Amino acid sequence: MMKLTLCNLPMGFSGPVWFLLLAVTYPGTVQGKVVNNFQPCQQFFKDGIAPQGFENNQNKDSMVKICQMYKNAYHFATLYRTDLRIPVYSAYTYINSNPDSKPCRPGRWFIEPQIENSNYDQNMERCTKIKTSAKQALDSDYVGSGYDRGHLFPFSLNGEVSASASCTLTNAVPENRTANVKWYHQAERVVKEMAKVCHNSGLRMYVVTGSADYNHGNMRNKVKIPGQVWTAACCTLPRNLNLNQNENGRFQAEEVGTTRNPQTPNGEFSIAFKGTLFPTVEIVKVSVATLERDLNVRIFNQCKEATREIDEVVQRLLRHEVRDNNERKRARMSSTASA
């Protein structure tokens, strides 16, 4: 059976532009499998080891581990806090740095039924299926709130399949529009470009993106508003290539081969970004070691710091993004003045 689903273009693009996506309701069901540990989706963590230090005696009962599945393949992993109703982090790999299919945002976001009750079906449900929740954010919490649904596992930097899988509220935190757009341009897009550098070296980019600083109130008196977002990326050789396979032994839909580009900086490296959202939005590049120290956690089980050559590439990308952003601002101001 087939159905038509309305989709709009990703955040950061002018709109609204609407078109139809032909979606297969089966077997393309979105699944968010709540698990006791991340073993089923360990391929998204460097060396198969999840970040350490995020759980403690005070919050451990509210922590939920989710292996996010879509079309019979895992796409990313999420650590979720039910007391905050937002994710702590999502972990993923940039396997395909040049997706062939453009992403399309589903008309409805998903929620995770098993957060409500472990006996519920593991298939993600549309937000309209559950009217109230004491453990997770709902679409109604965001509507009219003034906050964007800020992806941790990025939407617009993925192909169609993984992009659809990212549209679950277990992968979103409240961000104002300025912060969301700035994070996209000065962190997500830079990490994406560095993933290409990583792949051209014959290596793989492991990424963990999360939230922090939960002292800035609640959206709708329910959903915690983080004061920080952060991302850490490690370019390295996968410990075991077989970890890319899903539970049926098939590789992820967006797995691609890579060949060595002799013009690309070679070797392992890591980079990180930290975004402060209050009182003003400020995004800075930091080392993974600095980020881990600030958060008092261990994100990766060892990863080499960036060389000077890699730092120069990152700084060049950041200057390019800032220049493009200033040009977009001038274009908007010119358009407003002439209207």
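Note that the coordinates shown come from a computational prediction; the quantities given were computed from them, not determined experimentally.
- Lys65 is listed as a side-chain neighbour of Glu55, based on a closest heavy-atom distance under 4.5 Å.
- Aromatic ring orientation, Phe38 versus Tyr89: tilted (interplanar angle from 30° to 60°).
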Subject >> side chain to side chain contact (heavy atoms under 4.5 Å, CB included) between Val208 and Thr231, worked out >> reply: CA-CA 6 Å; Val208 183; Thr231 193; over 6 Å; no
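- Inter-residue side-chain proximity for Val197 and Ile310 is flagged as met; some heavy-atom pair is nearer than 4.5 Å.
- Listed for the Asn200 side chain is a donor-acceptor partner under 3.5 Å among the backbone atoms of Lys196.
- Residue pairs meeting the salt bridge (Lys or Arg N to Asp or Glu O under 4.0 Å) criterion with at least one member in residues 161-174, sequence neighbours excluded, do not occur.
- No more than 12 heavy atoms of other residues, nucleotides or ligands shown are found within 6.0 angstrom of CD on Gln302.
- Residues passing the side-chain contact (heavy atoms from CB on, under 4.5 Å) test with Ala172, sequence neighbours excluded: Trp109, Tyr142, Arg149, Leu169.
- Inter-residue side-chain proximity for His151 and Asn171 is flagged as met; some heavy-atom pair is nearer than 4.5 Å.
- The salt bridge (Lys or Arg N to Asp or Glu O under 4.0 Å) check on Glu188 picks up nothing, with sequence neighbours excluded.
- The two residues Leu152 and Pro87 make their nearest non-hydrogen contact at CD1-CG, 3.4 Å.
- Within the 4.5 Å cutoff, the side chain of Pro226 has no heavy atoms near those of the Asp213 side chain.
- Residues Cys235 and Cys303 share a closest heavy-atom pair of N-SG, 4.2 Å.
- Applying the salt bridge (Lys or Arg N to Asp or Glu O under 4.0 Å) rule to Asp83 yields the partners Arg81; only residues at least two apart in sequence or on another chain are considered.
- Remark: Lys182 NZ to Asn180 CG distance equals 13.0 Å, nearest 0.5 Å.
- Asn37 places a side-chain N or O within donor-acceptor distance of the main-chain N or O of Gln39, the cut-off being under 3.5 Å.
- Here OG of Ser90 is found 8.0 Å from CD1 of Ile66. Values are rounded to the nearest 0.5 Å.
- Taking the side chain as every heavy atom from C-beta outward, Glu268 and Leu203 approach each other to under 4.5 Å.
- Within 6.0 Å of atom CG in Asn56, more than 12 heavy atoms from other residues, nucleotides or ligands are found, so the atom counts as buried in its surroundings.
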Indicate every side-chain donor-acceptor pair of residues 269-278 with a distance under 3.5 Å to a residue at least two apart or in another chain.
unit_1	atom_1	unit_2	atom_2	d
Ser270	OG	Lys304	O	2.9
Lys274	NZ	Asp294	OD2	2.8

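- Pro40 and Cys67 make their closest contact through CB-SG, 4.1 Å (heavy atoms, listed as atom of the first residue, atom of the second, distance).
- Remark: Trp183 pairs with no residue by the ring pair (Phe, Tyr, Trp, His ring centres under 6.0 Å) rule, at least two apart or across chains.
- Checked by atom type and distance alone, the side chain of Arg220 never pairs as donor or acceptor with a backbone atom of Ala137 at under 3.5 Å.
- For Lys222, the salt bridge (Lys or Arg N to Asp or Glu O under 4.0 Å) partners at least two apart in sequence or on another chain are Asp141.
- For the side-chain hydrogen bond (donor to acceptor under 3.5 Å, both in side chains) criterion with Thr170, the lone passing option out of Gln136, Glu112, Arg85, Gln68 is Gln68.
- Among residue pairs with one or both ends in residues 165-176, none qualify as salt bridge (Lys or Arg N to Asp or Glu O under 4.0 Å); sequence neighbours excluded.
- With sequence neighbours left out, Lys224 forms a salt bridge (Lys or Arg N to Asp or Glu O under 4.0 Å) with no residue at all.
- A donor-acceptor contact shorter than 3.5 Å links the side chain of Gln114 to the backbone of Val34.
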Subject >> Trace of the side chain to side chain contact (heavy atoms under 4.5 Å, CB included) decision for Met205 with Val207 >> reply: CA-CA 6 Å; Met205 183 77 89; Val207 189; 3.7 Å; yes
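- Listed by chain and number, the residues in a ring pair (Phe, Tyr, Trp, His ring centres under 6.0 Å) with Phe300 amount to none (sequence neighbours excluded).
- Phe153 meets the ring pair (Phe, Tyr, Trp, His ring centres under 6.0 Å) test with Phe76, Tyr92; sequence neighbours excluded.
- Using a 4.5 Å heavy-atom cutoff, the side chains of Val314 and Met194 are in contact.
- Pairing each heavy atom of Trp230 with each of Val88, the nearest pair is CZ2-O, 4.2 Å.
- Between the side chain of Ser287 and the backbone N or O of Thr290, at least one donor-acceptor pair lies under 3.5 Å.
- Nearest heavy atoms, His75 versus Ser162: ND1-OG, 2.7 Å.
- When atom types are taken as modelled, the side chain of Thr78 and the backbone of Tyr80 share no donor-acceptor pair closer than 3.5 angstrom.
- Considering only residues two or more places apart in sequence or on other chains, Tyr147 meets the ring pair (Phe, Tyr, Trp, His ring centres under 6.0 Å) condition with none of them.
- Proximity of Phe45 to Ile299: side-chain heavy atoms (C-beta onward) are nowhere separated by under 4.5 Å.
- With contacts defined as side-chain heavy-atom distances shorter than 4.5 Å, the pair Gln315/Lys285 qualifies.
- Annotation for Ser164 and Phe110: closest pair O-CE1, 3.9 Å, computed over non-hydrogen atoms.
- The closest donor-acceptor contact from the side chain of Gln186 to the backbone of Tyr184 lies at 3.5 Å or more, if one exists at all.
- Tested against Val173, the residues Thr209, Leu84, Asp148, Ile86 include a single side chain to side chain contact (heavy atoms under 4.5 Å, CB included) partner, Ile86.
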